[in-house]
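This report refers to the structure that appears directly beneath it.
These numbers come from a predicted model, not from an experiment. Position 1 is the first residue of the sequence; numbering continues from there.
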Amino acid sequence: MQISGEMGFCSGMAVVYLVILNLLEVNGEIPTTLDGPFKPVTVPLDKSFRGNAIDLPDTDPRLQRSVTGLQPEQISVSLSSTHDSVWISWITGEFQIGDNIKPLDPKTVVSVVRYGKLRFPMIHKATGHSLVYNQMYPFEGLQNYTSGIVHHVRLTGLDPNTLYYYRCGDPLIPSMSDIYSFKTMPVSGPRSYPSRIAVVGDLGLTYNSSSTINHLKRNKPDLVLMVGDLSYANLYLTNGTSSDCYSCSFPDTPIHETYQPRWDYWGRFMQPLVSKVPIMMVQGNHEIELQAQNRTFASYSSRYAFPYKESGSSSPFYYSFNSGGIHFVVLGGYTAYSKTADQYKWLQKDLTHVNREVTPWLVATWHPPWYSSYTAHYREAECMMVAMEDLLYRYGVDIVFNGHVHAYERSNRVYNYALDPCGPVYITVGDGGNREKMSITHADEPGKCPEPSSTPDEFMGGFCAYNFTSGPAAGKFCWDRQPEYSAYRESSFGHGILEVKNETHALWKWHRNQDLYTKAGDQIYLVRQPKRCPVEPKVSLLNRLRSSCHFLLNLKGSS
């Protein structure tokens, strides 16, 4: 009787909430995707807000090392695959850059986190692993880099939706950090969600980046989703000389260099936020950072923890995790994604095991967008789209977040370039404020359609973007007007906030840096329609029972 009473109360609250949403619709305050598809809207460029895309100087106190000896710095929290586990990461020791570098020995410092629900005493202890990475350039005049000691410790057995205090470091030296805190995610369930999830991309270290983070902090997120392109260290030579854009920088150098200290600056700049709020990373093209022996992504894959092993993946470039009733799938746009690749096979397996009764919302994210109408990176990731779009559609992905294009764009529900009420809403938020400035031209403007041969991503190669075969753009490579899939686009710096309300409704807001903190430049209720849009069947009940039996038998055998 108690259970049925609680269910009745929850159902009643859901009805009340839907009534409120309907009132909002009637009053015209916040539209919903049920009102769509919307006629395309382009907000004219406000040229007065394009300035200040200038990097913060090395001397800025937020970028400077503020600890001594082996005290922890660049502290960050990231999620594991479920609510009961998180990762704590940090760096000890100073980096070295120059011709003669001698890497630090990770064995000289242990990786320990003390934590608990009280500031004192912190009754729990966890240990982890550490590493040092190098960025090597075997060419005369180029400087090599070796990092400080990077630590990763996984905390387990955590309660959901709970505040924990922690200190990290080596208690034997001793060199422990100050006390920080984080809040775990809610338990996975159809009525259990974090209050606010911030989404930001292509951030960098400019004055605009600083404004973006200040606005983001005011929204008090429970989780930050960083959709690629973090430090932009590869806009600098190894001697610290900077450039304004990647494609035009340093054409005469023997290899495309990076200035790795920018990563340390970025870690220090972000610590006040990400030492308290978990951040989940997506690989971007500026993280590739080619070095000797064709090694790539060394800094990105070393500095941050990814729950790829916990989610059955073999690579930090693609993984999944739950945040309450949301299942996130992080994909790699710069690692193999064809139907024969490990990433595709992992994705198919991961989606098969998603239980939409437990995690109704399915959100996917990767860096280069499939649906973008800007000239910059136009149809650049078409081969990835050809390989994976059908799979994401069949399993009912609700929202896709991308970066890469330095502007904001929200799509209508779309699949295979056609309006589809069951397709995902694609949202590009590559407008964090990096040095390369905003994207302002659209491929549908006269004379702005790029040559097809120039559009494939150089790192991944391949060409899949043929002329459209049907619809308003039939026989063309670009549309001659804003595409019907594009609902709203605007060139401005900012970030987004996702607030999932229940199994079917989520509020999306995009905040521009030039506005007041409480104002949204774009907002809409994203509405799921599970009855109208059935998804690919989950793992059968019989298979689930078999898996449970195997687990219990293994547990019995190990005890």
**Item:** side-chain hydrogen bond (donor to acceptor under 3.5 Å, both in side chains) assessment of Asn219 paired with His495
**Value:** CA-CA 10 Å; Asn219 279 316; His495 75 283; 3.0 Å; yes
**Message:** Please evaluate residues Ile288 and Tyr300 with respect to the criterion side chain to side chain contact (heavy atoms under 4.5 Å, CB included), reporting the C-alpha separation (whole Å), side-chain torsions for both, the decisive distance (0.1 Å), and the verdict.
**Reply:** CA-CA 8 Å; Ile288 295 172; Tyr300 173 80; over 6 Å; no
**Asked** Between Asn402 and His367, is a side-chain hydrogen bond (donor to acceptor under 3.5 Å, both in side chains) present by the stated rule, with each step listed?
**Response** CA-CA 5 Å; Asn402 303 117; His367 187 60; over 6 Å; no
**side-chain hydrogen bond (donor to acceptor under 3.5 Å, both in side chains) between Tyr193 and Ser323, worked out** = CA-CA 7 Å; Tyr193 301 97; Ser323 177; over 6 Å; no
**Request:** Report the C-alpha separation of Glu289 and His256 in whole Å, then their side-chain angles, then the decisive distance to 0.1 Å, and conclude whether the side-chain hydrogen bond (donor to acceptor under 3.5 Å, both in side chains) test is met.
**Result:** CA-CA 8 Å; Glu289 297 186 319; His256 197 110; over 6 Å; no
**Request:** Would you please test Leu216 and Leu273 for side chain to side chain contact (heavy atoms under 4.5 Å, CB included) and show each step?
**Result:** CA-CA 9 Å; Leu216 187 153; Leu273 173 65; 3.9 Å; yes
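In terms of modelled atom types and a separation under 3.5 Å, the side chain of Asn214 and the main chain of Ser210 share a donor-acceptor contact. Without hydrogens or angle criteria, Ser491 side chain to Ser439 main chain gives a donor-acceptor distance under 3.5 Å. With hydrogens and angles ignored, the 3.5 Å screen pairs a side-chain donor or acceptor of Gln482 with a backbone N or O of Val41. Without hydrogens or angle criteria, Ser311 side chain to Ser320 main chain gives a donor-acceptor distance under 3.5 Å. Side-chain atoms of Ser192 never come within 3.5 Å of backbone atoms of Pro186 as a donor-acceptor pair (strictly under, hydrogens ignored). Between the side chain of Thr206 and the backbone N or O of Asn208 there is at least one donor-acceptor pair closer than 3.5 Å. Between the Ser411 side chain and the Val425 main chain, no donor and acceptor come within less than 3.5 Å of each other. A donor-acceptor pair is defined here as one N or O able to donate and one able to accept, closer than 3.5 Å; such a pair exists between the side chain of Asn502 and the backbone of Thr504. Judged by distance alone, the side chain of Asp202 and the main-chain N or O of Gly432 form no donor-acceptor pair under 3.5 Å.
The ring-ring contact (aromatic ring centres under 6.0 Å, His included) analysis of residues 428-462, with sequence neighbours excluded, yields the pairs Tyr374-His442. Residue pairs satisfying the side-chain hydrogen bond (donor to acceptor under 3.5 Å, both in side chains) criterion with at least one member in residues 457-477, sequence neighbours excluded, are listed as follows: Lys476-Asp480.
At a cut-off of 3.5 Å, with distance as the only test, a side-chain donor of His327 or Asp350 sits close to an acceptor on the other residue. Counting only N and O atoms by type, the side chains of Tyr488 and Thr42 include no donor and acceptor under 3.5 Å apart. Side-chain contact of His286 with Asn234: a donor-acceptor pair under 3.5 Å is present, judged by distance alone. One side chain, Asp84 or Thr82, offers a donor N or O that lies under 3.5 Å from an acceptor on the other. A side-chain donor from one of Ser85 and Arg154 sits under 3.5 Å from a side-chain acceptor of the other. At a cut-off of 3.5 Å, with distance as the only test, no side-chain donor of Arg379 or Thr455 sits close to an acceptor on the other residue. No hydrogens or angles considered: a donor-acceptor pair under 3.5 Å links the side chains of Ser338 and Thr340. Side-chain N/O atoms of Glu310 and Trp87 include a donor and acceptor closer than 3.5 Å. Using modelled atom types and a 3.5 Å distance limit, the side chains of Ser373 and Glu409 yield a donor-acceptor pair. Under the 3.5 Å distance criterion, with hydrogens and angles disregarded, no donor-acceptor pair is assigned to the side chains of His215 and His511. A donor-acceptor pair shorter than 3.5 Å cannot be found between the side chains of Tyr417 and Glu389.
Relative orientation of the His406 and Tyr232 rings is perpendicular, given thresholds of 30° and 60° on the angle between their planes. Between Trp370 and Tyr426, the two ring planes are tilted [angle within 30° to 60°]. The aromatic rings of Tyr334 and His404 lie perpendicular to each other, with more than 60° between the two planes, well past the 30° mark. Between Trp479 and Phe468, the angle of the ring planes goes over 60°, which puts this pair in the perpendicular group of the 30/60° scheme.
Closest non-hydrogen pair, Phe477 versus Cys449, comes out as CD2-SG, 3.9 Å. Nearest heavy atom pair, residue Asp431 against residue Trp510, reads OD2-NE1, 2.7 Å. Considering all non-hydrogen atoms of both residues, Met460 and Thr335 come closest at CE-O, 3.6 Å. Considering all non-hydrogen atoms of both residues, Pro483 and Pro40 come closest at O-CG, 3.5 Å. The two residues Leu230 and Glu287 have their closest heavy-atom pair at N-OE2, 2.9 Å.
Counting heavy atoms from C-beta outward, Val77 and Val277 have side chains that stay 4.5 Å or more apart. Annotation: side chain of Thr359 is not in contact with side chain of Ile326 (no heavy-atom distance under 4.5 Å). With a 4.5 Å cut-off on side-chain heavy atoms, Ser315 and Phe306 do not count as touching. Side-chain contact between Leu223 and Phe321: present, with at least one pair of heavy atoms (C-beta onward) separated by less than 4.5 Å. Between Leu203 and Trp266 there is a side-chain heavy-atom pair separated by less than 4.5 Å.
Salt bridge Asp522/Arg410: present, at least one basic N to carboxylate O contact under 4.0 Å. The pair Asp390-Arg394 counts as a salt bridge, with a side-chain nitrogen and a carboxylate oxygen less than 4.0 angstrom apart. Note on Glu490 versus Arg512: salt bridge recorded, some NZ/NE/NH1/NH2 to OD/OE distance being below 4.0 Å. Under the 4.0 Å criterion applied to side-chain N and carboxylate O atoms, Asp398 and Arg356 are assigned as salt-bridge partners.
Under the rule for a side-chain hydrogen bond (donor to acceptor under 3.5 Å, both in side chains), the partners of Thr212 that lie at least two apart in sequence or sit in another chain are Asn513.
Judged by a 6.0 Å distance limit and a 45° cone about the ring axis, Arg528 is positioned over the six-membered ring of Trp361.
If you take CD on Glu445 and CZ on Arg481, they are separated by 15.0 Å, rounding to the nearest 0.5 Å.
Other residues, nucleotides and ligands place no more than 12 heavy atoms under 6.0 Å from the NZ atom of Lys276.
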